[in-house]
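Below, chain A is the first sequence line, B the second, and so on; all start at residue 1. None of these values were measured; they are calculated from a predicted model.
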2 protein chains.
Amino acid sequence: MSSEEVERVAQGTRELQLARGDVLFQRGDHCTGFHVVIHGNVKLALISPQGLEKVLEIIGPGQSFGEAVMFMGKPYPVYAQALTDSLVLHINKNVIVGGIESDPAFCQKMLAGLSIRLHRMIQNVESLSLRSSEQRVIDYLLHDLEEIKYGQDVHISLSANKNVIASNLNITPETFSRILHNLSDAGLIHVEGKDVCIKDVSKLRTYDK
Amino acid sequence: MSSEEVERVAQGTRELQLARGDVLFQRGDHCTGFHVVIHGNVKLALISPQGLEKVLEIIGPGQSFGEAVMFMGKPYPVYAQALTDSLVLHINKNVIVGGIESDPAFCQKMLAGLSIRLHRMIQNVESLSLRSSEQRVIDYLLHDLEEIKYGQDVHISLSANKNVIASNLNITPETFSRILHNLSDAGLIHVEGKDVCIKDVSKLRTYDK
DNA sequence: CTCTTGCCTTGACCGGAATCAAGTTGGCCA
DNA sequence: TGGCCAACTTGATTCCGGTCAAGGCAAGAG
């Protein structure tokens, strides 16, 4: 971001200090801007008519959300809740509209951001449609981990409770637990609470039961 | 679209006359612009490693696709194929970039368009995650049909072959066929080839087996 | 007119993941 | 230290939707 952009954005920005469990907005709320997570984690989720929750995305530090809703002028189709104590920036709609009108480069950044989000949703649908629950779990573990680390243990920490991750992967907590157990039995990973150690990345990547 | 926009767009535009089955682009192809369907139908689809196809979207007249890929400068994550003989416009990337730089209103239209697509994908995930196959079929039949037409038969025509629609709804052709059969037995619809007659919209909307 | 071909339907069976129902475990507070 | 609660695990069972296999049917070709 250029200093010019920082200045412009700063005028219509609020810092939101959230405690774990705080709801940022409900489905159906009117949208007045978009959000950026500074630290912590926020989930975007839906509630089905039967009261079941589906976690669409887990938003981490540096990621933004709600831009699309802002541009459509529709109410939020999801609700947002802090998974941990979090600091979130709220950028006002009029700031963005002003930025678009005065700065084509800024506009292109917004377009690029939206495009990335759309692309992520396509990948989301792809994995829901074409991959088994076990494959989805493996994909999740290998997520943003493309550097080749042959022969090295890779330690990762789950960014949320397992029931939240399970919902995001579209499986039940029971199934999630069983799959982690299977992968452990196969010697591919080692699980201890929220800490997962991948014993063999390349074997996990090609694992097919 | 203003006449100014039409003029600008016209310079970098090609008309593509497609026969049924023609492939517009493959997954992985380099993206040089985006497309608008004038008439006919085009499907966007993925192929799984196992060779299974998943239809992501069926694009009809007046709808566009490929904008997001264009803005990201990445290869296509899906492939596009004409479902019927179709006329498709290809608008060149540089035309759009020029438009954005010179016209904030144009830029906002692109943002709005992308936002709508993202919103659609969210609904897509919602129905995959939270609804049964039968509910998805019902949703499809009631799709863009919000006017209240109590007591009237509503006739719709399936825009593609049933196996394509089934794939789009993430079910097998067999399941699709069985569900239509069930709804017929329940007296809610009447099916004859691609023509479906909804006998009771409000009952279908609230139908729960 | 009959043969092929693509599209759809129907039936029998199977299996992956959900559901239901108990346990465990660990952190936290009294 | 003990009790409590949330998070997670484990087992038994069920069921939705997929798979496999066998037709049916209409349209176009020869």
Rounded distance in Å - CZ (A/Phe176) to P (D/dA7): 15 Å
Interatomic distance where CG belongs to A/Leu83 and C1' belongs to D/dA7 [whole Å]: 14 Å
Between D/dT9 (P) and A/Asp185 (CG): distance, integer Å: 13 Å
By side chain to side chain donor-acceptor pair (under 3.5 Å) - contacts of A/Asp22 (at least two apart): none
Donor + acceptor pair across side chains of B/Asn168, B/Lys54 (<3.5 Å): no
Phosphate OP1/OP2 of D/dT9 contacted by A/His181 side-chain N/O (<4.0 Å): no
Partner residues of A/Glu126 under the salt bridge (Lys or Arg N to Asp or Glu O under 4.0 Å) criterion, sequence neighbours left out: B/Arg27
Residues in side chain to side chain contact (heavy atoms under 4.5 Å, CB included) contact with B/Ala186, at least two apart in sequence or another chain: B/Leu188, B/Tyr207
Sequence neighbours excluded, every pair satisfying ring pair (Phe, Tyr, Trp, His ring centres under 6.0 Å) that has a member inside residues 154-175 of chain A: none
Protein-nucleotide distance (A/Leu130, atom CG; D/dG17, atom C1'), rounded to Å: 16 Å
Qualifying residues under side chain to side chain contact (heavy atoms under 4.5 Å, CB included), relative to B/Asp195, sequence neighbours excluded: B/Ser157
Close approaches to DNA chain C from residues 47-56 of chain B, in residue order (heavy atom, under 4.0 Å): none
B/Leu56, B/Leu46, B/Asn170 screened by side chain to side chain contact (heavy atoms under 4.5 Å, CB included) with A/Val125, the one that passes: B/Leu56
Heavy-atom donor-acceptor pair, A/Arg178 side-chain to C/dG16 base, under 3.5 Å: no
Interatomic distance where CD1 belongs to A/Ile179 and P belongs to D/dT10 [whole Å]: 14 Å
Each nucleotide N or O in nucleotides 24-26 of chain C that has a protein N or O under 3.5 Å away: list the pair and distance.
none

Sequence-distant partners of A/Lys203, salt bridge (Lys or Arg N to Asp or Glu O under 4.0 Å), two or more places apart: A/Asp200
Sugar-phosphate, base or nothing in reach of B/Arg20, heavy atoms under 4.0 Å: sugar-phosphate
Counterpart residues, side chain to side chain contact (heavy atoms under 4.5 Å, CB included), relative to A/His181 (two or more places apart): A/Asp185
Set of residues satisfying side chain to side chain contact (heavy atoms under 4.5 Å, CB included) with respect to B/Arg120, sequence neighbours excluded: B/Glu57, B/Gln63, B/Ile116, B/Arg117, B/Gln123
Side chain of A/Ser177 - closest among D/dG17, D/dT9, C/dA17: D/dT9
Geometric class of the B/Phe25/B/Phe65 ring pair [parallel <30°, tilted 30-60°, perpendicular >60°]: tilted
Side-chain donor/acceptor of B/Glu134 to base of D/dC16, under 3.5 Å: no
Within residues 157-173 of chain A, residues whose heavy atoms come under 4.0 Å of DNA chain C: A/Asn170, A/Ile171, A/Thr172
d(NZ, A/Lys194; C1', D/dT9) in whole Å: 15 Å
Distance below 4.0 Å between A/Ser133 side-chain N/O and C/dA17 OP1 or OP2: yes
Along DNA chain C (nearest heavy atom to each residue), the more 5'-positioned of A/Glu174 and A/Ser132: A/Ser132
Nearest-Å distance for atom pair CZ/P, residues A/Arg131 and C/dG16: 17 Å
Tell me which donor-acceptor pairs under 3.5 Å the side chains of residues 31-42 of chain A have, and how far apart each pair is, sequence neighbours excluded?
{"from": "A/Thr32", "atom 1": "OG1", "to": "A/His90", "atom 2": "NE2", "distance (Å)": "3.2"}
{"from": "A/Asn41", "atom 1": "ND2", "to": "A/Ser159", "atom 2": "O", "distance (Å)": "3.4"}

